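Quick notes on the structure that follows.
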There are 2 protein chains.
Amino acid sequence: MQRNARMKDVAQAAGVSVMTVSRAFKKDASVKPATRAAIIKVADELGYVYDSTAANLRSQKTDFVAVLIPSLNNANFADTVGAMTPVLSEHGLQILLGYTNYDIHEEEYLVEQLLKRRPEAIVLTGGRHTDRTRRLLTAAGIPVVETWDLPEDPVDRVVGFSNAETMGTMVDHLVAQGHQRIAFIGGDTDGDTRGADRRRGFLAAMAAHGLETSRLIGAGTPPISMREGAEAMGRLLEEHPDTDAVVCVSDLSAFGALTECARRGLSVPGDIAVAGFGAYEIADICVPRLTTIDPHPARIGQEAARMIVALLAGAGAERRVAVEPALTAAESTVRV
Amino acid sequence: MQRNARMKDVAQAAGVSVMTVSRAFKKDASVKPATRAAIIKVADELGYVYDSTAANLRSQKTDFVAVLIPSLNNANFADTVGAMTPVLSEHGLQILLGYTNYDIHEEEYLVEQLLKRRPEAIVLTGGRHTDRTRRLLTAAGIPVVETWDLPEDPVDRVVGFSNAETMGTMVDHLVAQGHQRIAFIGGDTDGDTRGADRRRGFLAAMAAHGLETSRLIGAGTPPISMREGAEAMGRLLEEHPDTDAVVCVSDLSAFGALTECARRGLSVPGDIAVAGFGAYEIADICVPRLTTIDPHPARIGQEAARMIVALLAGAGAERRVAVEPALTAAESTVRV
DNA sequence: TTGAAAGCGCTAACAT
DNA sequence: ATGTTAGCGCTTTCAA
């Protein structure tokens, strides 16, 4: 077994031309089955490994799809990527993953780096980017899909939902449960643009109900952890002891808030109702179960991947696919 | 701004040769600053984007490091990858990530696919692979780093710890707390080889203490979710009501077990002690806090990345780096 | 400090 | 069903 066999070596050993080897490897129907079998056998013996870097250059196709998410360590985004993978893989496409740490400048850097790899398409999380990012994306001339948002002026295509509007559903639910003095626990900065949109949506919905919007607790720099959620809950209970419900920017911070209540001997929802966002697994198993909003992360991924496959096949695709989030009311806000 | 400018176009527009443009882009000191500035300016105006696919082929370097993890949706592995990223990125290396769904055959497929992309090195999770995977890896002639395990016969290099031996620490701790009738909740299959190693380690440690090893609860196909942990806890309490402690294969299943106790009105650790594995954030915030083992996922990633950087620089590196896990005793197993 | 020639390992296009 | 020729967009190498 010789090191670093090339297609040429396989061709020589099999007594055919390089082109025939190339065809045999891409399952071109025009290669005689016996010839292909012989080639595959020889290639195996030589330990030949196909070199896609050469194919990429010659055919001007990399079969890469660049995907940018805010964080690797987030079940929601993992679900979106997880749902994209089989759809893309089925069409020979491979994901080139990057994570931005919730920073649009980091995103700009990554977009620049990834475009050099000549992906066939690019998927972003969120609808807010630097001007330069937008320029780079537009100039790249490939399908661009923004997800987890539904911006007014998408770069190209969008699959997602309005984080702001969705909060209206949550506030409506809490108000219907009889809550009025409702607080919001979220990030201090707009680094997590989706989190910031949720805060804005919360304020708008409260105002629409004619409710006071002073109970805004900053829990730290996004993403907000369980611990930060717990700390914020502590501050909320001290600064606004008469609060009767709290909406958290995610289920993780909401769970942290729950634990703080447990440690203080407060009953949820008896003393205070707690709601989250994201439909993480924890929401459905913690005690009490968390009222949350399911943004259907896997559906977003699937739709985005389908869109890309269609566009790369030269077929059309909608510019805007709305994936409607669903509120799941559970024990943490519903008094029995 | 013209579409698809090449280096040649930039060279023409700047009135220099392609080679000078190439040098200007890689910050070759031999290019006169003024020349470089002019080239960068022209490139910008043309909307030129460097094409690494061509460079990859010619220089036989992709600057890719392939990294395989069992699942995207796991904070432990995300931490490992997250710690590798900055170290590699600093040296111009980019991660090409794949996930195996805890399946060594899926791993084999991915290794085969990824090697075609000609990565400079490859990082795997775990020390158990198919024979073909091992052959492919060996033949690739690049640094191979196995992580999250400490196999006897590594393919090349290892950074990790013994999942089996680490369980000894946990059993010792529980025994020291006065527990004897200790159960284990883990996967039904060996798909998660690390989980299976933990189960084996648990059995060995129990035997070493002369304790009964019949309380093995299968919680489903790995990875074991919170929900499966809760269900398994339910079965454990029914089948072996006199159990006084339970070790779970991960903090996630352990948390599920905790919630089941809470729903049944059982006190932890008063009625039964519960321990996990992984030092996930939840272990340190749930009520009661979980006794767990911190395998230092970030340290594993950092060491693996450093090893790769060293090897690619032609420097030496240890074949075997042990990262010692640490037990954190907390409320869930310690009676006050 | 810059340039010219050659070529990385494949595949498109055309030929037979 | 298979082969020949040319070339993808860079960088290596050698030269000046």
Side-chain angles (χ1 to χ4, degrees), chain A residues 2-40 42-43 46-64 92 113 115-120 140-141, chain B residues 2-40 42-43 46-64 92 113 115-120 140-141:
Chain A
Q2 111 194 33
R3 176 124 299 169
N4 280 345
R6 307 276 162 250
M7 214 176 246
K8 182 178 58 178
D9 305 316
V10 177
Q12 238 153 36
V16 294
S17 75
V18 197
M19 218 28 241
T20 302
V21 177
S22 173
R23 290 188 180 109
F25 269 93
K26 62 165 49 88
K27 306 188 169 68
D28 187 311
S30 73
V31 180
K32 205 176 6 177
T35 313
R36 189 211 312 295
I39 290 171
I40 300 297
V42 168
L46 292 177
Y48 172 69
V49 176
Y50 179 91
D51 186 339
S52 29
T53 66
N56 292 165
L57 177 60
R58 171 66 243 219
S59 58
Q60 296 294 87
K61 267 187 58 199
T62 58
D63 293 333
F64 272 138
Q113 293 305 311
L115 288 179
K116 294 180 184 169
R117 301 277 188 186
R118 293 290 187 267
E120 315 288 335
Chain B
Q2 114 193 32
R3 177 124 297 169
N4 282 344
R6 308 273 162 252
M7 214 176 246
K8 183 177 58 177
D9 305 315
V10 176
Q12 239 154 34
V16 294
S17 75
V18 196
M19 230 9 257
T20 304
V21 177
S22 173
R23 290 186 181 113
F25 269 93
K26 63 165 47 89
K27 308 190 168 68
D28 187 312
S30 73
V31 180
K32 203 169 18 169
T35 313
R36 189 210 314 294
I39 289 170
I40 300 297
V42 168
L46 292 177
Y48 171 70
V49 176
Y50 180 91
D51 186 338
S52 29
T53 67
N56 292 165
L57 177 59
R58 172 65 242 219
S59 58
Q60 296 294 86
K61 267 188 58 198
T62 58
D63 293 332
F64 271 137
Q113 293 305 310
L115 288 179
K116 294 180 184 170
R117 301 280 187 182
R118 293 289 187 268
E120 315 288 336

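In the text below, chain A, chain B and the rest are named by the order of the sequence lines, each starting its count at 1. Quantities reported herein were computed from a predicted structural model and do not represent experimental measurements.
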Starting at atom [atom1] of [X], determine the distance to atom [atom2] of [N], rounded to an integer number of angstrom.
| X | N | atom1 | atom2 | result |
| --- | --- | --- | --- | --- |
| I39(B) | dT1(C) | CD1 | C1' | 11 Å |
| D9(B) | dG9(D) | CG | P | 9 Å |
| M7(A) | dA12(C) | CE | P | 11 Å |
| N4(A) | dC8(C) | CG | P | 13 Å |
| K61(A) | dG9(D) | NZ | P | 16 Å |
| R36(A) | dA1(D) | CZ | C1' | 12 Å |
| Q60(B) | dC10(D) | CD | C1' | 12 Å |
| R117(A) | dC10(D) | CZ | P | 14 Å |

List the atom pairs, with distances to 0.1 Å, where a side-chain N or O of residues 54-61 of chain B and a protein N or O form a donor-acceptor pair under 3.5 Å, not counting sequence neighbours.
{"unit_1": "N56(B)", "atom_1": "ND2", "unit_2": "S52(B)", "atom_2": "O", "d": "3.0"}
{"unit_1": "N56(B)", "atom_1": "ND2", "unit_2": "K61(B)", "atom_2": "O", "d": "3.0"}
{"unit_1": "S59(B)", "atom_1": "OG", "unit_2": "A55(B)", "atom_2": "O", "d": "2.6"}

For the [atom1] atom of [X] and the [atom2] atom of [Y], what is their distance to the nearest 0.5 Å?
| X | Y | atom1 | atom2 | result |
| --- | --- | --- | --- | --- |
| Y48(A) | N4(A) | OH | CG | 11.0 Å |
| T35(A) | R23(A) | OG1 | CZ | 11.5 Å |
| I39(A) | M7(A) | CD1 | CE | 9.5 Å |

Check your understanding: More 5' along DNA chain C: S30(B) or L57(B), using each one's nearest nucleotide?
Key ->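 Between the two, 5'-proximity favours S30(B).
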Point to revise | Basic-acidic side-chain contact under 4.0 Å: K116(B), D51(A) | key: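 A salt bridge is absent here (no side-chain N lies under 4.0 Å from a carboxylate O).
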Pairs under 3.5 angstrom, nitrogen or oxygen only, protein versus nucleotides 4-7 of chain C, please.
{"unit_1": "dG7(C)", "atom_1": "N3", "unit_2": "R58(B)", "atom_2": "NH1", "d": "3.4"}

Practice item. Under 4.0 Å from any atom of DNA chain D, heavy atoms only: list the residues of residues 49-56 of chain A that qualify, in numerical order. Key: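 Here the set is empty: none.
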Exercise for review: Would you please classify the geometry between the F25(A) ring and the Y50(A) ring as parallel, tilted or perpendicular, with 30° and 60° separating the classes?
Suggested key: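 The arrangement is tilted - the two ring planes meet at 30° to 60°.
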Please determine if a side-chain N or O atom of [X] lies less than 4.0 Å away from the OP1 or OP2 oxygen of [N].
| X | N | result |
| --- | --- | --- |
| S59(A) | dT11(C) | no |
| Y48(B) | dC10(D) | yes |
| S22(B) | dC10(D) | no |

Are [X] and [Y] side-chain neighbours, meaning at least one heavy-atom pair lies under 4.5 Å?
| X | Y | value |
| --- | --- | --- |
| R117(B) | D63(A) | yes |
| F64(B) | E120(B) | no |
| R118(A) | V49(B) | yes |

Exercise for review: For K26(A), report the nucleic acid contact type (base, sugar-phosphate, nothing); a contact means any heavy atom under 4.0 Å.
Suggested key: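 Sugar-phosphate contact only - K26(A) comes under 4.0 Å of backbone atoms but never of a base.
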